[in-house]
Colleague: 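Have a look at this one before I ask anything.
The chains referred to below are lettered A, B, ... by the order of the sequence lines, with proteins before strands, and numbering in each begins at 1.
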2 protein chains.
Amino acid sequence: MYTFSRVGNTETLSSKIQSEIEESILQKKFVPGDKLPTEKEMCEMFGVSRTALREALQMLSIQGLISIRKGSGIYVSEYNLTNVVKPMSQYLQMNLDDALILKVQELRKMFEPQIAWLAAANRDEIDVKKLEDNLSDFMKNDNQNADQQSEFDQNFHLTICEAAKNPIIVLQMAPILRLIPSIRTIVYKKVDAAKSEAIESYEQLLKAIRDQDGGGASEAMIRHLHGTEEYELICLNKISSKT
Amino acid sequence: MYTFSRVGNTETLSSKIQSEIEESILQKKFVPGDKLPTEKEMCEMFGVSRTALREALQMLSIQGLISIRKGSGIYVSEYNLTNVVKPMSQYLQMNLDDALILKVQELRKMFEPQIAWLAAANRDEIDVKKLEDNLSDFMKNDNQNADQQSEFDQNFHLTICEAAKNPIIVLQMAPILRLIPSIRTIVYKKVDAAKSEAIESYEQLLKAIRDQDGGGASEAMIRHLHGTEEYELICLNKISSKT
DNA sequence: GACAAATAATTTGTCATACAAATCTAAAAT
DNA sequence: ATTTTAGATTTGTATGACAAATTATTTGTC
């Protein structure tokens, strides 16, 4: 027997309001900086109570589409990149296990050499300066402090992404690179880090990017990532059959 | 003169509650499927009104962390991948202009050949079947219908990403590939699509993936992306000086 | 005792009202 | 013209009420 599908009544009022305002913003009926009508006005427009409207507004606010200023009003936000990166970042962090670590490594081996190449081509003086500073900080740093090491690691790679001058690459790689501290905690916990080797490959990488030597940068990145991978494999006991 | 920085009072009650619950979920104090305490209980626990609490809950709900069922209760959600992809997708869509289109193309040229390679190595029978179906649908299809063409385009590339068997790649590329229809609308509006050429390179790509020929797949992808790029460049008038 | 139906209790969704706190506006004072 | 001050506006939170959906309990029947 044919049954009619239920008419959308599970959707709450507030979520309907949320969708409507979201669409208005996406269709650029309001642009960043614009002030939306006051809560009272919008309540009248939508014909709902303040409760329902406010719940919708809070949703939009955590989405990063609007910012609500007490006593002032409701404004369309400049879309903050945090809101783009955070959900992906959160997802990866929540699902991080041995299998995902290997997938991260696979992805980095595929993409980062190309990114390094592009960085070598497009880097400006500021990028080079940042990389140099990062590296010298790292070398001065105490060997023992694993947290600082992985933070440096993360920053160095992120700076290379920025140097490539393709904003999408930064957005894509930021959530991946943010995993580095967690991965190191899981992986290198017992191994006392191959810092000297790391420094060597970082120096080669920096040199190639400074010299705008794309091939060199790519190769240095490949070497570096292969170096770190060895440790990961050992620690994750994935080559037990191979030794 | 030294001034003290303002103590965090701009943060609203509801957003503080949101953070706290979010953290609980991220730290796996509650796992997907778990039922949270009722609103009334949580109000007492946090010592706040239902108003404030509900606003926090709505935020968590649009984040995809919880789902609220009327009459039943509040449950921790299985983290839906839509919530990961959507913000990035939205961001790119909102900021899509000529410059970003070129960045998208740059990124695809860098990454997709490698993805195709990996797909050739890891594809299973289902992937091959999907690609074949996609392609045959495309060939049967009416030349005029640009929307269907770009939808096919998007699906074909997404299926290749899936065939690579690295879930992060899908998450990264989905927002990019979703732009294809918009890009085509902008770019190919007047050009009546190089469908025959496209079909040719798609067939090569499919063959290489079917044969698990990584190098072939990579090369076919490079040819394909270079093919489409020519049109883009012409349409975006970026090679005026070069001709 | 087992099962079905009816009833009651619980829980979320929405509304209305009230007041506090921050901000903005405009009048008043200098 | 500038600053100060007082008032109006706007968002933040609390409370109480009732509707609507679900769940739990009781009741009735066999």
Colleague: How would nucleotides 7-17 of chain D be written as a contact map, 5' to 3', with B for base contact, S for sugar-phosphate-only contact and - for no contact, using protein heavy atoms under 4.0 Å?
Modeller: ---BBBBBB-B
Colleague: Tell me which nucleotide, if any, is Watson-Crick or G-U wobble paired with C:dA20 when both distances must be under 3.5 Å.
Modeller: D:dT11
Colleague: With the threshold set at 4.0 Å, does a side-chain nitrogen-carboxylate oxygen contact exist between A:Glu11 and A:Lys16?
Modeller: no
Colleague: I'd like to know if the side chain of B:Asp133 reaches the main chain of B:Lys130, judged simply by a donor and an acceptor atom lying under 3.5 Å from each other, with no hydrogens or angles considered.
Modeller: no
Colleague: Are a donor atom and an acceptor atom from the side chains of B:Gln63 and B:Gln18 found within less than 3.5 Å of each other?
Modeller: yes
Colleague: I need the full list of ring pair (Phe, Tyr, Trp, His ring centres under 6.0 Å) pairs touching residues 37-79 of chain B, with sequence neighbours left out, sorted by first then second residue.
Modeller: A:Tyr91-B:Tyr79
Colleague: Kindly write out the residues that satisfy salt bridge (charged side-chain N to carboxylate O under 4.0 Å, His left out) with B:Asp124, not counting sequence neighbours, or none if the list is empty.
Modeller: B:Lys165
